Amino acid sequence: MPSFELETAIDAPPERVFDLARSIDLHTASITTHHETAVAGVTTGLIGPAASVTWRARHFFVTFRATVRITAFDPPRYFRDEMVSGPFAKFAHDHHFKPTGHGTLMRDAFEYDSPFGILGEL
């Protein structure tokens, strides 16, 4: 299963970064090029434990819906969202927040399985 990680140093305390990472409104505002819109579940504010959101988005000239649910929640250190329906065979996103001397190190870890087997991997 493919995976990748991103690390971002942020000059803010972990509690603030944790809340911003689960903000539906911030996500919507930051991804305007793909026209992502929250259309069901938690559609504004902060998503929390066991909650879900359904996104409508356009990527690679295809419009689709994906529903993700928060499956682990340990504020302000960690949360996990997993796709429960959508275009991928599997998609999970782990959000880690570690305090540093200058703020927070945010680490995003992604695991996914492409749809359509080998054709999807291409």
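Since the structure is predicted, the reported quantities are computational estimates derived from the model, not experimental observations. Numbers here simply count residues along the sequence, with the first being 1.
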Just checking, is any N or O donor in the side chain of [X] or [Y] under 3.5 Å from an acceptor N or O on the other one?
X	Y	result
Ser3	Glu111	no
Thr54	Arg65	no
Asp108	His93	yes

> Once the angle between the rings of Phe18 and Phe97 is folded into 0 to 90°, is it parallel (under 30°), tilted (30 to 60°) or perpendicular (over 60°)?
Replying inline: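 Geometry flag for Phe97 against Phe18: perpendicular rings.
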
> Would you call the rings of Phe4 and Phe110 parallel, tilted or perpendicular if under 30° counts as parallel and over 60° as perpendicular?
Replying inline: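 The rings of Phe4 and Phe110 lie parallel, inter-plane angle below 30°.
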
Verify the cluster assignment for [X] and [Y]: are they in a single hydrophobic cluster under the rule of side-chain heavy atoms below 4.5 Å apart?
X	Y	result
Trp55	Val62	no
Leu20	Phe79	no
Leu105	Tyr78	no

Can you confirm whether [X] sits close enough to [Y] that some side-chain heavy atom of one is under 4.5 Å from a side-chain heavy atom of the other?
X	Y	result
Thr71	Pro49	no
Glu36	Thr28	no
Val53	Ile24	yes

>> Nearest 0.5 Å, please: how far is NE2 in His96 from CE in Met106?
In response: 11.5 Å

> For the atom pair OG1 (Thr104) and CD1 (Ile10), what is the distance rounded to the nearest 0.5 Å?
Replying inline: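 If we round to the nearest 0.5 Å, Thr104:OG1 and Ile10:CD1 are 6.5 Å apart.
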
> How far apart are the C-alpha atoms of Arg107 and Glu5, what are their side-chain angles, what is the distance that settles it, and do they pass the salt bridge (Lys or Arg N to Asp or Glu O under 4.0 Å) test?
Replying inline: CA-CA 7 Å; Arg107 183 170 56 88; Glu5 291 188 10; 3.4 Å; yes

>> If we check side chain to side chain contact (heavy atoms under 4.5 Å, CB included) with Ser52, which of these qualifies: Val42, Ile47, Thr67, Ile70?
In response: Thr67

Expected output: side-chain [X] to main-chain [Y] donor-acceptor under 3.5 Å:
X	Y	answer
Thr100	His102	yes
Asp113	Ala89	no
Ser30	His27	yes

>> Does Asp19 form a salt bridge (Lys or Arg N to Asp or Glu O under 4.0 Å) with Arg16? I'd like the steps, not just the answer.
In response: CA-CA 5 Å; Asp19 283 347; Arg16 175 92 171 121; over 6 Å; no

> How far apart are the closest heavy atoms of Phe73 and Gly48, and which atoms are they?
Replying inline: CE1-CA, 4.0 Å

> Closest heavy-atom contact between Pro14 and Gly103?
Replying inline: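 Closest pair (atom of Pro14, atom of Gly103, distance): CD-O, 4.4 Å.
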
